[in-house]
Chemist: 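Before we start, here is the structure in question, set down as structure tokens.
Within every chain, numbering begins at 1; the chains are lettered A, B, ... in the order of the sequence lines, protein sequences first and strands thereafter.
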Amino acid sequence: MASWIIGFVLLLLKMAVVLGVLLLLAAYLVWAERKLLARFQVRYGPNRAGKFGLLQPIADGIKMITKEDLMPDGADRFIFLLAPAVVAFTALLMFAVVPFGEEITLFGQNVPMVISDLNVGLLFIIALSSLGVYGVALGGWASNSKYSLLGGIRGAAQMISYELSLGLSLIPIVMIAGSLSLVDIVKAQQNVWFIFVQPVSFVIFLISAMAESKRIPFDIPEAENELGAGYHMEYSGMRFGLFFIGEYVHMQVLGALTAVFFLGGWQGPFLPAPVWLLIKIVMVALVMIWIRGTLPRLRYDQLMAIGWKVLVPAALINIVITGAVILII
Amino acid sequence: MTLYAIIFYLLAALIIISTGIAITRRNMVHVVIYLVFSFFGTAMLFYLLGAPLLALLQIIIYAGAVMVLFLFIIMMLRVEAPEISMFPFSQWVPAAALCAASVVLGLLLLIPESQLGKPLETAIATPSDFGFYLFKRHWLTIELVSILLLVALVGAFHLGKSKLSAKSEDPS
């Protein structure tokens with residue numbers, strides 16, 4: 001009984017630490033993004049709140065919480081309240097299966113450094129990312145606005161399309177690792193990272209992941225110059241904040257997944273394991289910010305053509321080739 | 001009553017209530033949302049019975065893909081809630097009779113087994129076990145079903161395409 005309680009407390013502690021780190025990092029990713037984008041565009045970026053604008057995320061948070069919470073006339077109340085929660089919830093929950101270290105022993109208990117080692121962890125992530133579509137589609141629909149509805153429909157179409165190539169790009173990884181559990185996938189990369197074994201998969205995964213997170217160059221669901229702000233146009237205050245947090249947590253989750261599937265997860269020399277995972281997450285996030293600062297937005301037909309005519313066939317061919325090579329070896 | 005039994009009854013209640021709400025709403029988007037809740041309950045039921053793979057496939061395919069497509073179409077077409085109308089007697093009585101008959105038949109099948117109140121053994125099917133079972137024993141069925149889906153897909157594409165080209169030939 002005592003060991004059960006200790007295990008439960010440790011689980012709660014792990015969840016608290018992961019949640020805290022995720023939300024803090026999300027706040028400072030916003031800061032890093034604004035600062036870097038400003039530099040790419042030869043501006044200063046936020047520099048008023050604190051040194052280098054380091055207190056800017058806190059100021060933003062206070063602003064969002066104290067803002068008036070508006071609901072448009074004729075909005076569907078229940079769904080309008082539900083949609084932002086779905087976005088933030090699915091993004092946060094995805095981190096539950098990401099391993100951030102080797103099993104350690106604490107108070108005479110084996111503590112796995114992952115919140116939940118599901119044996120179908122990869123499918124868990126795909127399931128959650130397919131549920132994230134609801135937040136976007138329903139948020140756009142419930143706002144009772146034409147622009148929001150268009151943004152929601154575009155978002156749903158885009159996310160459904162790119163989910164396919166996202167899932168297909170991970171099948172070779174599962175074939176090589178021989179498991180759907182993220183812990184086992186990291187362990188399978190002890191000798192060589194999968195980015196060197198599966199470079200095509202890596203490229204397909206990264207492009208699809210960026211399309212899933214709806215960032216420039218894949219941001220037509222919220223294209224400012226056509227739709228105002230797309231599916232979250234009618235949201236204000238902390239409800240908009242939830243969409244925003246969802247997006248940046250999603251960025252970190254994608255960074256973590258890229259690290260787990262292709263960059264060896266928490267493995268690395270000298271530094272402790274969670275630090276390595278954090279470094280890899282931040283690296284991927286910075287690359288995504290860099291791409292955002294570099295590329296223009298895709299047109300809708302280009303977006304669909306890349307998804308269905310390039311990424312899906314490439315992923316399928318990649319699966320066949322990987323299968324053939326595994327059979328021969 | 002064990003913890004599992006309590007969870008089972010909670011899930012069963014969730015599934016029945018959300019499906020019941022789903023079939024009585026007039027707003028189509030609300031219907032979709034309640035059906036998604038119901039699928040969630042089903043998925044958790046699968047998980048409880050020791051089939052995590054099936055549970056997640058239920059979420060990915062039904063809650064995540066099929067219902068999103070339904071939602072997509074409802075949002076695109078702006079389906080209005082239908083007028084309140086009572087179906088004629090002759091239309092719903094056969095359906096109700098068929099339902100009642102199947103419920104009675106199901107109960108009759110269950111009772112002589114003398115297994116009432118005997119819980120199922122808990123078993124966990126790992127994804128690889130499940131895959132081996134499915135693709136070693138039932139590979140022909142799976143191939144047939146996938147060919148059927150492919151035919152449906154090609155058919156839909158053909159129907160959409162012939163209309164599209166006819167429109168583009170129209171000079172106006």
Chemist: Heavy-atom distances under 4.5 Å only: say whether A:F124 touches chain B with side chain, backbone, both or neither.
Modeler: both

Chemist: Counting only heavy atoms not in A:Y147, do more than 12 sit closer than 6.0 Å to its OH atom?
Modeler: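 No, because the 6.0 Å sphere around OH of A:Y147 holds 12 heavy atoms or fewer from other groups.
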
Chemist: Enter the distance from A:I153:CD1 to B:I73:CD1 here, rounded to the nearest 0.5 Å.
Modeler: 11.0 Å

Chemist: Against chain B, label A:A157 side chain, backbone, both or neither, depending on which of its atoms sit under 4.5 Å from a heavy atom there.
Modeler: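 Both the backbone and the side chain of A:A157 come within 4.5 Å of chain B.
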
Chemist: Side chain, backbone, both or neither: which part of B:Y47 has a non-hydrogen atom closer than 4.5 Å to chain A?
Modeler: side chain

Chemist: Do you know which two heavy atoms are closest between A:S130 and B:V68, and how far apart they sit?
Modeler: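 Of all heavy-atom pairs spanning A:S130 and B:V68, the closest is O-CG2, 4.4 Å.
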
Chemist: Which atoms of B:F40 are under 4.5 Å from chain A, going by heavy atoms: the side chain, the backbone, both sets, or neither?
Modeler: side chain

Chemist: Would you call the rings of A:F78 and B:Y34 parallel, tilted or perpendicular, where under 30° means parallel and over 60° means perpendicular?
Modeler: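 A:F78 vs B:Y34 ring planes: parallel.
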
Chemist: Let me confirm one number: the CD1-OH distance from B:I33 to A:Y134, rounded to the nearest 0.5 Å.
Modeler: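 It is 9.0 Å, given to the nearest 0.5 Å.
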
Chemist: For B:I60 versus A:L123, what's the shortest heavy-atom pair and its separation?
Modeler: CD1-O, 3.6 Å

Chemist: Report yes if the side chains of B:L56 and A:I126 come closer than 4.5 Å at any heavy-atom pair, otherwise no.
Modeler: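 No, their side chains stay 4.5 Å or more apart.
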
Chemist: Under a 4.5 Å heavy-atom cut-off, does chain A meet the side chain of B:L53, its backbone, both or neither?
Modeler: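 The answer is both parts of B:L53.
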
Chemist: Is chain B contacted by the side chain of A:L180, its backbone, both, or neither, given a heavy-atom distance below 4.5 Å?
Modeler: side chain

Chemist: Measuring from atom CG of B:L69 to atom CD1 of A:I160, what distance do you get when rounded to the nearest 0.5 angstrom?
Modeler: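 Atom-to-atom, B:L69:CG and A:I160:CD1 are 4.5 Å apart.
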
Chemist: Return yes when atom CZ of B:F72 has more than 12 non-hydrogen atoms of other residues, nucleotides or ligands closer than 6.0 Å, and no otherwise.
Modeler: yes

